[in-house]
Number of protein chains: 2
Amino acid sequence: MANLKQLAQSLGLSITTVSRALDGYADVSASTRERVREAADKVGYRPNASARRLRRQRAELVAVTLPSDPGHIGPPHFLDILSGCAEHLAAAGLNLVIAPVPRGESELDICRRFVDGRRVDAMLLVRTKRKDERVEFLQARGIPFVTNGRTESLAPHPYIDGDGFAGFRAATLRFHAAGHRRIGHIAGPQEYYFAHDRCRGWRAAMEECGLATDLCAEGAPLEQGGYLAALELLRQPSRPTALVCTTDEMAIGALRALREVDGGNQISIVGHDDLPMGAFTSPPLSTMRMTGENLGASFASLLLRAIAGEPAAELQELHAIEFVDRDSHRRPAKAA
Amino acid sequence: MANLKQLAQSLGLSITTVSRALDGYADVSASTRERVREAADKVGYRPNASARRLRRQRAELVAVTLPSDPGHIGPPHFLDILSGCAEHLAAAGLNLVIAPVPRGESELDICRRFVDGRRVDAMLLVRTKRKDERVEFLQARGIPFVTNGRTESLAPHPYIDGDGFAGFRAATLRFHAAGHRRIGHIAGPQEYYFAHDRCRGWRAAMEECGLATDLCAEGAPLEQGGYLAALELLRQPSRPTALVCTTDEMAIGALRALREVDGGNQISIVGHDDLPMGAFTSPPLSTMRMTGENLGASFASLLLRAIAGEPAAELQELHAIEFVDRDSHRRPAKAA
DNA sequence: CTTGACACCCAAAACGTTTTGGAGAATTCT
DNA sequence: AGAATTCTCCAAAACGTTTTGGGTGTCAAG
């Protein structure tokens, strides 16, 4: 309601003293400090954020870019993560702004706008590509940032990611141990790191087992993409008996394809993300998920430490993948 | 990278002229304007957001409060709505910040912080209560805001809401027309407007049909809440043959209760929200949803118009509810 | 030649804070 | 008593814009 000048005037003090009193500096006497605080409380004084930001040369803001186009916005708990992140950032005086990418603009444009307009102190990037121009741009500008997902960037940068390679390798090996020999992979767009990483995991396991890696079909990371990719694999002369799918959404699409082609329930399947709806599919979808709780807090912590100037190499978290066994991975190895 | 002063110096012009040239004022010659624009483009000049905000007395920010506690964060497409809203706000130069409510603080505290620190030009409120202190506060302060959900506030305020009363009345009447006479309602916390509104719709239909309104149980707007409330209704001497549930999550909980108590599939059920997982429950969950596409754009438009000073009474959108018929509402009226 | 009108430009104020570099008074030390 | 130190406080600068209120020429009209 009021500003520093009015508050100072009403107290018969200088702006400086009031400001310092509120910030708890030692060079204002305890009695004055108390007097100032009481007056500030009474009129409900809050420093004007814009003025403070201008003077301090800090935006007090962090932006997260939201991919709007194809593989859309991520799993439903993504908002919970953002919310948790925002909450922890707020405790440090930072607010989180969401920056969707409008049609016709690239994510790079968004970064540029935020960074060059000094609108943010740091950025949070999701859905990294193997070669990610946003990462390169921010590294060149020297702006702190954290990504959800790794990249193939030469210079290290802070990230949080799941170990998709290990997860998909383990899932594939498990199918092999259960007797499966024709294990197919439903891949996502390989430009995305997570899709490529998971594909590599499947491929590595297959090669370790001396199996052919021909049963791989790529599609959009959506229900429809999984459906089409599964149909493609089911058309092969030697069908898969098990399917390792890059995402749950694709797995659910694959489930639909299976139902249509052979009445379903003959082919084992596993996805990734632990979507809530996976509990209700038939058969209930076995899946994987990244371990670690309160990811939002981790993102916030990494962001704050990046802003504080910690070296990137110390700000990397690779989380293990855990299985969420329901039922869809238990079909027999020898299909009809 | 650069600021106005440096840009002006390099051009041999005053700060004023450069600023006005970039803003397209007519009192700078076309040739100068062009020259300035080119130079600005070349060095990638963007006005410093904090300085502009301070001078203009606008925060260029809108905050949305995210309830973190009990009925959590809303349907999965909520983030899509926010994203759409943010995108349209961005076109008007506003960014959307998400403001989760930390433990120990009230939503009112959040509003106070944002408003009194002049951190926002407007606010977006979700999950309104019938008597909502946030609404009262913002009205008293004269800050523009839009709510998702109505309130019982005497003074009108901008909102977007679904017509829960009409929707739940129609759903109940439809059960009646199908021969049901014992139609139960699984209610949400009645302090929330949406929960109360939907409950009123059910009650109104029951009274119109001359039926008793004893089959009503309240629970938290979660799976567990619906489960417990359904169990309560199933313990009645004269059981319901149909259940109208305040949310899909509660309906899914009710489905679980039904499965446990009588093997399921005997009692009709309908929810609200059109959660994706409803398509996979057994039986597939019949539900309702608010009509209208691109809600995010609507929120943005209302916010902008509220900021522009349009009277609140013209900024209210009540959307019809439509049925999403799957299978769970088709059980016979006479249960075992 | 004077008077407006017009086109183009600029100095300075303002937005509300934080921070720098003291100033004056009181206290302690020598 | 004088010097040094500590305790309080403050004036002014700075952050980078936008906007106000002219100022200086040029040109046409009177």
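Naming convention: chains lettered A, B, ... in sequence-line order (proteins, then strands); numbering from 1 in each chain. Note that the coordinates shown come from a computational prediction; the quantities given were computed from them, not determined experimentally.
- If you take CG of A/L54 and C1' of C/dT18, they are 10 Å apart, rounded to a whole angstrom.
- With the nearest nucleotide of DNA chain D identified for both A/I15 and A/R35, A/R35 has the one nearer the 5' end.
- Taking the six-membered ring where the residue is Trp, A/Y192 and A/F194 present tilted rings, their angle falling between 30° and 60°.
- Checking side-chain atoms of A/D121 against main-chain N and O of A/R58 turns up no donor-acceptor pair under 3.5 Å.
- Looking at the side chain of A/L13, the nearest of the listed nucleotides D/dC10, D/dT18, C/dG16 is D/dC10.
- Of the listed nucleotides (D/dG16, D/dT19, C/dT20), D/dT19 has the atom at the smallest distance from the side chain of B/S19.
- Note that CG of A/D109 and CZ of A/F137 are 9.5 Å apart. Values are rounded to the nearest 0.5 Å.
- Ion pair B/E314/B/R305 not flagged as a salt bridge, since none of the NZ, NE, NH1 or NH2 atoms sits closer than 4.0 Å to an Asp/Glu carboxylate oxygen.
- For the pair B/R56 CZ and D/dG16 P, the computed distance is 18 Å after rounding to whole Å.
- Of all the residues in residues 25-33 of chain B, B/D27, B/V28, B/S29, B/T32 reach under 4.0 Å from DNA chain C with at least one non-hydrogen atom.
- The separation between B/R20 atom CZ and D/dT17 atom P is 16 Å, rounded to whole Å.
- The distance between atom CZ of A/R55 and atom C1' of C/dT18, rounded to the nearest whole Å, is 4 Å.
- In terms of phosphate contacts, B/T17 brings a side-chain nitrogen or oxygen within less than 4.0 Å of OP1 or OP2 of C/dC10.
- If one axis is set at each end of the helix from C/dC1-D/dG30 to C/dT30-D/dA1 from five pairs, those axes are 60° apart, to 10°.
- Ranking C/dT19, C/dG16, D/dG16 by closeness to the A/N48 side chain, first place goes to C/dG16.
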**Message:** Go through it in stages, so that I can follow the logic: the residues are A/E136 and A/K131, the test is salt bridge (charged side-chain N to carboxylate O under 4.0 Å, His left out), and I'd like the CA-CA distance, side-chain angles, deciding distance and then a yes or no.
**Reply:** CA-CA 9 Å; A/E136 287 164 13; A/K131 181 164 168 1; 3.1 Å; yes
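- The distance between atom CG of B/L22 and atom C1' of D/dT18, rounded to the nearest whole Å, is 12 Å.
- For B/R103 and A/E87, the salt-bridge test passes: some basic side-chain N is under 4.0 Å from an acidic carboxylate O.
- Salt bridge annotation for B/E107-B/R127: absent, with no cationic side-chain nitrogen under 4.0 angstrom from a carboxylate oxygen.
- Between A/R119 atom CZ and D/dC15 atom P the separation is 20 Å, expressed in whole Å.
- Atom-to-atom, CG of B/L4 to C1' of C/dA11 comes out at 14 Å; the value is rounded to the nearest Å.
- Applying the 4.0 Å criterion to OP1 and OP2 of D/dG16, one finds that A/Q57 has a side-chain N or O inside that range.
- Counting non-hydrogen atoms under 4.0 angstrom, B/R53 reaches nothing in the nucleic acid.
- Residue B/T16 has no polar side-chain atom (N or O) positioned under 4.0 Å from OP1 or OP2 of C/dC10.
- Using a 4.0 Å cut-off between charged nitrogen and carboxylate oxygen, B/R119 and A/E60 count as a salt-bridge pair.
- Closest approach of B/G149 and B/Y159 over heavy atoms only: O-CB, 3.9 Å.
- As a whole-Å value, the separation of A/N3 CG from C/dT18 C1' is 14 Å.
- Checking the phosphate oxygens (OP1, OP2) of C/dG16, no side-chain nitrogen or oxygen of A/Y45 falls inside 4.0 Å.
- Nearest heavy-atom pair across A/L94 and A/L61 is CD2-N, 3.8 Å.
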